[in-house]
Amino acid sequence: MKTPDNLRKLSINNDAREMLARAREEGIETVWDRLAAQEPQCGYCSMGVSCRNCAMGPCRVDPFGEGPQKGVCGADADIIVARNLGRTIAAGAAAHSDHGRDILEVFAALAAGDTTGYEIRSEDKLLALAAEWGIETEDRAVDDVARDLADAMLEDFGSRKERLGFLGRLPEQRRKLWDELGITPRGIDRENVEMLHRTHMGVDNDYANILLHALRTGLSDGWGGSMLATELSDVMFGTPQPVPSRVNLGALRAECVNIALHGHNPLLSDVIMQAAEDPELLAFAKEKGAAGINLVGLCCTGNELQMRKGLPMAGNHLMQELVLLTGALDAMVVDYQCIMPAVTDVAKCFHTEVISTADKARFAGATHISFDPHHGAEIGREIVRRGIEAYGNRNPDRVRIPEGTVEMMAGFSVEAILAALGGTPEPLVDAIKAGKIRGAVAVVGCNNPKLPQDHGHVTLTRRLIENDILVLVTGCSAVANGKAGHMMPAAAKLAGPGLREVCEALGIPPVLHMGSCVDNTRVLTLAAALAGYLGTDVSQLPLAGAAPEWYSEKAVSIGAYVVASGIFTVLGVQPPIFGSRSVVQLLADGLEEVVGAKFAVEPDPEKAAALIRRHIEAKREGLGLPFIAPEKPVSEAA
Ligand code: XCC
Ligand code: SF4
């Protein structure tokens, strides 16, 4: 099928374009139509200079100096921009950390013998965590150790501690620096609440002080809530190991009951995967005329299952409406985060049943089945049963599944990477020292309909691996790179000669799937381990982060903790801060002197790649590592 030119601007992927064409034909509205309807978007809000934090407002400051320069309370652009950014980070950190708490509560219930459908699948990891958290393990029952660990971790959410339990992973330099700056994260909830307090009218009126606390709030996510989510998910669902998988809308199967698992939390989706193998339910599906039950993933719930079980991915953020347009999806099971309220509208055009499962995330037009870990296994089966029943309503004439899938590998936990290296970071460090691998970059984050879907992720990643930079991906970036064919060992041939040699020797792809968005903490853990191994601070390593197509508040929190941990980060979408020169100056420059890293904004992935390569070479030079003329010159892309 020939793709109309205007669809090429929306997505680089054929499966997406095919479904977009169908949406146009049938007059079904998608996220791109709604973005067009919003244009032009508000200039004040885009620059971050509007405030509605109190009822003397709403206020806005004129960034061009003609209109008012202060809100009714007297807040200037610096204060308003910093407050808005602080609240954005608090919301993002809250989302990740509340997800972490949900996992922790189920882990605590599991330890108390109070769940069905859960078990401790990674005892090694449980014992390692217990040791890290100072919990006695010798001659004790696993459940007792788990109970004590859960108690200790629950305390991290409160405000009675001086520092979070995972900070021992960091090099001492970094811990000292945070102490001196007063940004050591204390309690996960505490930093969030304090951020909301500080941004109430008339509290923190010093933009730099607000931004420092915004970093602390981000750190409570990265080294707290998200890290807990990652580690305990590994304990309960298994520490990921390299696993083959596939990606694309072609993962749907016309002859099967198709159920998509969408959102972020693996608690329920893991038991649904178990239920889909239940012989009774398989027999029920056959009775209804289906060949089997086919589960596919969307967004980070999908990533969690792909990492541990190789679940095929239907797609990333911008595919959530398009998967419904296949007419072949019988049920979309959602938990929370990044689920557009629009999915129930699109589902109405087909037979698809949207099933919401989290009491804190309900959708008009969805069937709600409240998730309760005490009866996890039973609820998982009930959901699969509903999917099978919905299959009975499918109209085969309306089914249009784009053909084909792309093979990809997932499952690169820190443990798996170290195992591939023979148990220690030494071979990786040696490869970096020898210049075979110049450095490593985490390319992460969302899709944003303001940019052609996946173009930023794929282009940036390709340029980096071509230049011998190892790329680590999570979230929607992992899906984009999987579709581009970057995530099979054979993709080593796309890499520069040094990285290619290392990948071929180890049998790994040059782009490693490290998991969901909360799993960006795996990158932190790896970076801290490398720094510890070399006796340096994280900020001295040849590392960088990039979020080429970010959209969510969570992504801003991730950016905050990555930079505060000492890693330079490039954003592909402009954050709403450009109404304050002081805030931009601090984040894009001044922070370097404070935390040893800063932000940059660069929408063009070619230019972002050049920026990152220059940064990595500068860090190498700082460590006294040899400069080997790279294959392709470090040049400003036109
Ligand atoms: Fe959501 Fe995690 Fe962003 Fe994708 S990448 S759009 S946050 S699913 Ni985190
Ligand atoms: Fe306006 Fe100040 Fe109230 Fe914000 S806090 S709405 S700037 S008066």
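This is a predicted model, so every value here is computed, not measured. Atoms within each ligand, like the ligands themselves, are counted from 1 in listed order. Hydrogens, waters and symmetry mates play no part in the numbers below; they use all other heavy atoms, side chains included.
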Give the residue and atom name of whichever protein heavy atom lies nearest to [atom], and the separation in Å to one decimal.
atom                    : answer
atom 4 (Fe) of ligand 1 : Cys476 SG, 2.2 Å
atom 3 (Fe) of ligand 1 : Cys446 SG, 2.4 Å
atom 3 (Fe) of ligand 2 : Cys54 SG, 2.3 Å
atom 2 (Fe) of ligand 2 : Cys73 SG, 2.3 Å
atom 1 (Fe) of ligand 2 : Cys59 SG, 2.3 Å
atom 9 (Ni) of ligand 1 : Cys517 SG, 1.8 Å

Of Ala480, Gly445, Ser552, the residue with the heavy atom nearest atom 5 (S) of ligand 1 is Gly445

Option nearest atom 7 (S) of ligand 1 (shortest heavy-atom distance, choices Gly263, Cys338, Ala95, Ala555): Cys338

What I'd like to find out is whether the side chain of [X] reaches to under 4.5 Å of the side chain of [Y], using heavy atoms alone.
X      : Y      : value
Leu587 : Ile577 : yes
Glu553 : Ile89  : no
His513 : Asn481 : no

Is His317 close enough to atom 4 (Fe) of ligand 1 to have an N, O or S atom under 2.8 Å? no

Classify the contact between His264 and ligand 1 as side chain, backbone, both or neither, using a heavy-atom distance cut-off of under 4.0 Å. side chain

Is there a heavy atom in Tyr551 that sits closer than 4.0 Å to ligand 1? yes

If the test is side chain to side chain contact (heavy atoms under 4.5 Å, CB included), which one of Val354, Val296, Val334 qualifies with His262? Val334

Checking Asp454, Asn14, Val458 against Lys483 for side chain to side chain contact (heavy atoms under 4.5 Å, CB included), the one that qualifies is Asp454

Using side-chain hydrogen bond (donor to acceptor under 3.5 Å, both in side chains), reason through Glu549 and Asn448 one step at a time and then give a plain yes or no. CA-CA 5 Å; Glu549 303 175 32; Asn448 186 319; over 6 Å; no

For Arg83, is the nearest heavy atom under 4.0 Å from an atom of ligand 2? yes

Using the ring of Phe237 (Phe, Tyr or Trp, six-membered ring only), decide whether Arg308 places NZ or CZ under 6.0 Å from its centre and within 45 degrees of its axis. no

Ring centre gap for Tyr336 and His264 strictly below 6.0 Å: no

Would Asp335 and Thr301 satisfy side-chain hydrogen bond (donor to acceptor under 3.5 Å, both in side chains), going step by step from the backbone distance to the final call? CA-CA 8 Å; Asp335 49 80; Thr301 291; 2.7 Å; yes

With atoms numbered from 1 as shown, which atoms in ligand 2 lie under 4.0 angstrom from a non-hydrogen atom of Gly57? 1 (Fe), 6 (S)

Using a strict cut-off of 4.0 Å, indicate which atoms of ligand 2 neighbour a heavy atom of Cys51. 4 (Fe), 5 (S), 6 (S), 7 (S)

